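Just so you know, these numbers use all the heavy atoms, side chains as well, and skip hydrogens, waters and symmetry mates. Worth saying up front: this structure is predicted, and the values here are computed from it rather than measured.
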Amino acid sequence: MIPIKNVYYMLSYAFQVLNKKQYKKLKTEEFENIAELFSEILIITLNSQIKRGLERDYIEKQDTIPTIHGKINITSSITPYIQHRELVCEYDEFTLDSYKNQIIKTTLITLIQENISKKQKKKLKRLLIYFSNVSTIDLNYVNWNIRYHMNNQTYQMIITICQMLYEGLLQNPSKGSMKLLELDEKHMHRLYEKFILEYYKKEHPYLKANASYIYWQLDDNMSTGLPLMKTDITLTHKENILIIDAKYYKNSLQTNYNKKAIHSGNLYQIFTYVKNKTVEVGTNYNVSGMLLYAKTDSLEYPDYTYCMSGNKISAKVLDLNVDFNLICRQLDNIVEKYF
């Protein structure tokens with residue numbers, strides 16, 4: 001199990017806003033579980049958002065009223081007008097009852113029912129007062145692909161935390177209740193990948209660190225049907241390029257005929273990335289590839305380096321169960337070795 005404090009540090013790189021002054025106390029607090037950590041992040045972030053002002057949005061409404069407001073729905077108005085001299089009008093209302101606020105309110109209500117401290121539950125209930133005029137929704141049907149712009153970008157981390165909490169919830173079909181689980185492979189993989197990329201961007205600014213596309217090096221330019229190649233992390237400095245494929249599995253190695261081996265699909269993928277990138281940039285560059293597995297509870301993990309057709313390809317492990325300073329040192333060692 002990854003220490004909860006390390007999850008916070010990973011989040012603080014993935015979301016730079018967590019490095020602001022109001023979040024500093026999280027580094028010294030002890031949390032019993034992921035729900036408590038995420039609850040505290042939401043509490044701090046929402047208090048800050050409330051001071052700036054909660055989002056309001058125009059929501060289309062329809063109501064039967066005695067005066068004209070907005071656009072009259074002629075067909076629907078016939079009966080109520082004959083009976084009560086009222087009209088069915090359609091109009092836009094500028095309201096707090098926006099889609100994002102509905103997600104937040106529903107998440108807060110769900111969290112209050114979880115195994116978190118009484119102190120946190122009290123803070124969450126206080127926050128709910130500001131959402132009293134906001135509706136709740138079924139999180140099972142939320143479209144999480146929300147577009148952000150200059151006026152609502154402060155909501156991005158809030159909604160992302162809500163999504164991670166929701167996707168860590170297990171529905172109990174018999175009781176209709178929700179139980180918060182530990183973050184599973186899918187959620188941790190996303191966080192693990194983003195953490196590594198943002199760590200290199202911040203701590204090694206002389207490197208060019210990005211999640212870049214690699215183009216298929218084709219003889220006839222026929223690319224129909226080929227998948228896109230997008231790296232998790234590409235590090236570039238002068239003539240050296242390192243492509244890192246971040247992998248988060250409960251078991252870093254697979255078993256073939258009673259022997260432990262690297263996941264074959266992972267190796268094929270990084271090899272393809274490296275060879276196409278080599279042709280793309282030319283012989284003046286040294287292109288290497290690395291499968292960087294997260295070491296969690298697995299007792300066996302890879303530590304291999306191969307020379308494949310002129311390129312170095314390795315499979316290494318990043319131990320996430322140690323003090324965070326040692327995690328940083330492991331990432332720094334990779335830079336020292338390749339650059």
Side-chain angles (χ1 to χ4, degrees), residues 1-20 23-24 26-27 29 31 33-38 40-42 44-45 144 156-165 167-168 182-212 230-236 242-250 252 266 269-270 273 289-298 301-302 314-339:
M1 188 68 64
I2 300 173
I4 292 173
K5 189 155 290 187
N6 283 352
V7 175
Y8 164 72
Y9 283 120
M10 292 168 71
L11 282 167
S12 70
Y13 276 95
F15 300 100
Q16 294 296 317
V17 67
L18 290 177
N19 293 301
K20 291 185 177 180
Y23 297 98
K24 295 296 183 183
L26 295 177
K27 294 181 180 180
E29 288 194 26
F31 299 103
N33 51 51
I34 291 291
E36 286 195 350
L37 170 61
F38 280 17
E40 198 61 34
I41 292 173
L42 268 185
I44 296 171
T45 310
W144 297 102
Q156 186 167 5
M157 193 188 75
I158 300 173
I159 298 300
T160 300
I161 295 296
C162 290
Q163 181 181 5
M164 293 179 76
L165 282 166
E167 291 178 346
E182 293 298 329
L183 296 179
D184 64 14
E185 283 186 16
K186 181 179 70 173
H187 313 116
M188 281 306 300
H189 178 266
R190 279 192 234 144
L191 176 58
Y192 176 61
E193 175 187 319
K194 188 166 177 59
F195 155 62
I196 296 171
L197 176 60
E198 296 303 325
Y199 178 85
Y200 283 129
K201 283 183 178 180
K202 182 179 180 183
E203 304 299 340
H204 296 274
Y206 61 93
L207 295 173
K208 180 182 178 182
N210 55 24
S212 61
K230 187 178 183 182
T231 65
D232 293 341
I233 303 105
T234 298
L235 304 178
T236 307
L242 175 63
I243 300 169
I244 299 176
D245 210 6
K247 300 296 183 185
Y248 189 99
Y249 298 135
K250 289 181 180 177
S252 302
N266 297 166
Q269 183 181 31
I270 194 69
Y273 284 0
M290 177 182 290
L291 295 169
L292 189 56
Y293 292 92
K295 181 186 177 185
T296 51
D297 299 328
S298 179
Y301 49 90
S314 59
K316 301 293 181 181
V317 68
L318 182 65
D319 192 348
L320 299 176
N321 294 300
V322 296
D323 185 85
F324 192 75
N325 288 330
L326 295 177
I327 295 176
C328 296
R329 187 62 204 151
Q330 295 172 77
L331 291 171
D332 295 340
N333 286 340
I334 291 173
V335 173
E336 290 174 9
K337 184 174 182 179
Y338 285 86
F339 301 96

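Distance check, rounded to the nearest 0.5 Å: CG of Leu320 to NZ of Lys295 gives 10.0 Å. To the nearest 0.5 angstrom, Glu36 atom CD is 12.5 Å from Ile41 atom CD1. Atom CG of Leu37 and atom NZ of Lys5 lie 10.5 Å apart (nearest 0.5 Å). For the atom pair CG (Leu11) and CG (Asn19), the distance works out to 11.0 Å, reported to the nearest 0.5 Å. With rounding to the nearest 0.5 Å, the separation of CD1 in Ile4 from CG in Leu26 is 12.5 Å. Here the OG1 atom belonging to Thr45 is positioned 9.5 Å from the CD atom belonging to Glu40, to the nearest 0.5 angstrom.
Looking at Val335 and Leu207, their side chains come closer than 4.5 Å, going by heavy atoms from C-beta outward. Within the 4.5 Å cutoff, no side-chain heavy atoms of Phe195 are placed close to those of Asn6. Side-chain contact between Lys27 and Tyr9: present, with at least one pair of heavy atoms (C-beta onward) separated by less than 4.5 Å. Considering only heavy atoms from C-beta on, Ile327 comes within 4.5 Å of Val322 through its side chain. In this structure, Leu42 and Phe38 have side chains that are not in contact, with every pair of non-hydrogen atoms separated by 4.5 Å or more. The side-chain heavy atoms of Gln269 and Leu291, taken from C-beta on, include no pair separated by under 4.5 Å. By the 4.5 Å heavy-atom criterion applied to side chains, Ile270 and Asn266 are not counted as neighbours. The side-chain heavy atoms of Leu235 and Tyr338, taken from C-beta on, include no pair separated by under 4.5 Å.
Residue Ala246 comes nearest to Glu193 through the heavy atom pair CB-CA, 4.1 Å, listed as atom of the first residue, atom of the second, then distance. Heavy-atom minimum distance, Ser212 versus Thr234: OG-OG1, 3.1 Å. Smallest separation of non-hydrogen atoms from Tyr293 and Ala315: CE1-CB, 4.3 Å. The two residues Lys230 and Ala211 make their nearest non-hydrogen contact at CE-O, 3.4 Å. Nearest heavy atoms, Gln163 versus Arg190: NE2-NH1, 4.2 Å. A pairwise comparison of heavy atoms in Tyr23 and Leu18 identifies CB-O, 3.2 Å as the closest pair.
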(request) Could you go through the side-chain contact (heavy atoms from CB on, under 4.5 Å) check for Ile233 and Tyr199 one step at a time? (result) CA-CA 11 Å; Ile233 303 105; Tyr199 178 85; over 6 Å; no
(request) Take Leu318 and Tyr248 through the side-chain contact (heavy atoms from CB on, under 4.5 Å) test and state the conclusion after the steps. (result) CA-CA 10 Å; Leu318 182 65; Tyr248 189 99; over 6 Å; no
(request) Evaluate side-chain contact (heavy atoms from CB on, under 4.5 Å) for Thr231 paired with Asp245, printing each intermediate quantity in order. (result) CA-CA 7 Å; Thr231 65; Asp245 210 6; over 6 Å; no
(message) For Val7 and Leu191: C-alpha separation, side-chain torsions, deciding distance, then whether side-chain contact (heavy atoms from CB on, under 4.5 Å) applies.
(response) CA-CA 9 Å; Val7 175; Leu191 176 58; 4.2 Å; yes
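Below 30°, between 30° and 60°, or above 60°: for Tyr200 and His204 the angle between ring planes is between 30° and 60°, a tilted geometry.
Lys202 forms a cation-pi arrangement with Tyr13, by the criterion of a distance under 6.0 Å to the ring centre and an angle within 45° of the ring axis.
Residues Asn333 and Arg329 have side chains that bring a donor and an acceptor to within less than 3.5 angstrom of each other.
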